[in-house]
2 protein chains.
Amino acid sequence: MLGKPYNCKVATTMDMIVGKWKIAILLNLLHNGTMRFNELQKMMPGVTQKMLTSHLRELEQEGVIKRVTYPQVPPKVEYSMTEYGKTLQTVLEMMHEWGASHLAKKQQQ
Amino acid sequence: MLGKPYNCKVATTMDMIVGKWKIAILLNLLHNGTMRFNELQKMMPGVTQKMLTSHLRELEQEGVIKRVTYPQVPPKVEYSMTEYGKTLQTVLEMMHEWGASHLAKKQQQ
DNA sequence: CAGGATCCGATTGGATACTG
DNA sequence: CAGTATCCAATCGGATCCTG
């Protein structure tokens with residue numbers, strides 16, 4: 001977790017989404033609704049079980065995603081955004097647009 | 001609507017603002033306009049010269065801040081947002097608001 | 001299937017000393 | 001004043017093996 005050297009709420013949002021695969025997780029869940037661990041992993045080529053697990057745990061702990069386990073063999077675990085977590089979508093959309101325009105600008109040069 | 005999760009520009013924006021002191025730099029420049037290296041350092045207690053320098057270089061290279069040196073002794077260097085860099089403000093404001101509401105929510109519990 | 005545990009390399013950031 | 005350069009500690013993420 002990053003330290004917070006300054007007293008601003010931007011850092012709070014940063015902490016939520018910083019991590020190599022966190023944005024991918026959030027975008028996948030926002031786009032696809034409920035997904036199993038397995039499905040998430042397939043949508044994110046290169047992610048390891050360890051990283052996927054730890055990122056999911058952190059997002060769950062912050063209340064933005066929901067984890068539901070079905071007591072069966074083999075196990076089934078489903079992840080989805082909480083209603084609260086869905087409020088992140090606006091932020092991510094704005095970041096998406098800025099990123100797109102930034103890439104467009106670099107293309108020009 | 002968001003783009004496809006596997007081809008998404010959110011990461012581009014992330015790359016721009018990830019770094020322990022980058023948000024602090026951007027917020028200070030957006031708020032205060034032109035600032036000298038020295039002034040920035042005073043506004044960010046704990047930052048080292050090394051980190052401040054390297055973050056400033058990266059932001060400059062991406063075209064969001066402008067660096068002006070005055071050839072005099074002792075040296076004088078001024079930093080400010082470029083017009084382009086100022087477009088980041090909307091994104092940062094949205095992140096600020098989400099962060100504030102997130103902290104408020106955690107307070108309730 | 002969905003992880004936990006462990007080890008390790010890579011990256012990030014801090015401390016300190018020096019300089020035009 | 002505004003940096004460089006070097007070394008070092010902490011954190012992050014990847015690889016691998018194991019399990020109910």
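What's counted below: heavy atoms across the whole structure, side chains too, no hydrogens, waters or symmetry copies. Each chain gets a letter, A, B and so on, in the order the sequences are listed, and its residues count up from 1.
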Without decimals, in angstroms, what is the distance between A:L56 CG and C:dC1 P?
17 Å
C:dG4 C1' sits how many Å from A:F37 CZ, rounded?
11 Å
If the threshold is 4.0 Å, N to carboxylate O, is there a salt bridge linking A:K42 and A:E39?
no
Distance check needed: C:dA2 P versus A:E60 CD, whole Å only.
15 Å
Going from CG on A:L56 to CE on A:M51, what distance comes out if it is rounded to the nearest 0.5 angstrom?
10.5 Å
Per side-chain contact (heavy atoms from CB on, under 4.5 Å), B:M35 is matched among B:L29, B:I25, B:V77 by B:L29
Could you state the atom-to-atom distance from CG of B:L52 to P of D:dC1 in whole Å?
14 Å
Please determine whether a side-chain nitrogen or oxygen atom of B:R36 lies at a distance below 4.0 Å from atom OP1 or OP2 of D:dA2.
yes
Could you tell me whether the phosphate oxygens of C:dC1, OP1 or OP2, come under 4.0 Å of any side-chain nitrogen or oxygen in A:Y79?
no
Parallel, tilted or perpendicular: ring planes of A:Y84 versus B:H102, cut at 30 and 60 degrees:
parallel
Are A:R57 and C:dG4 close enough that a side-chain N or O sits under 4.0 Å from OP1 or OP2?
yes
What do the steps show when you test B:V91 against A:E97 for side-chain contact (heavy atoms from CB on, under 4.5 Å), and what is the final call?
CA-CA 10 Å; B:V91 179; A:E97 286 177 30; over 6 Å; no
Quick one: A:R67 CZ to C:dA2 C1', roughly how many Å, whole number?
8 Å
Quick one, give me the B/S/- string for nucleotides 13-20 of chain D, reading 5' to 3', where B means a protein heavy atom under 4.0 Å from the base and S means that only happens at the primed atoms, P, OP1 or OP2.
BBB----B
Interatomic spacing from CG in A:N32 to CG in A:L27 - rounded to 0.5 Å
10.0 Å
Pairwise distance CE(A:M43) to CH2(A:W21) - rounded to 0.5 angstrom
13.0 Å
Without decimals, in angstroms, what is the distance between A:M35 CE and C:dC1 C1'?
15 Å
Take atom NZ of B:K42 and atom C1' of D:dC1, then tell me their distance rounded to the nearest Å.
10 Å
Could you state the atom-to-atom distance from CD1 of B:I17 to C1' of C:dT12 in whole Å?
17 Å
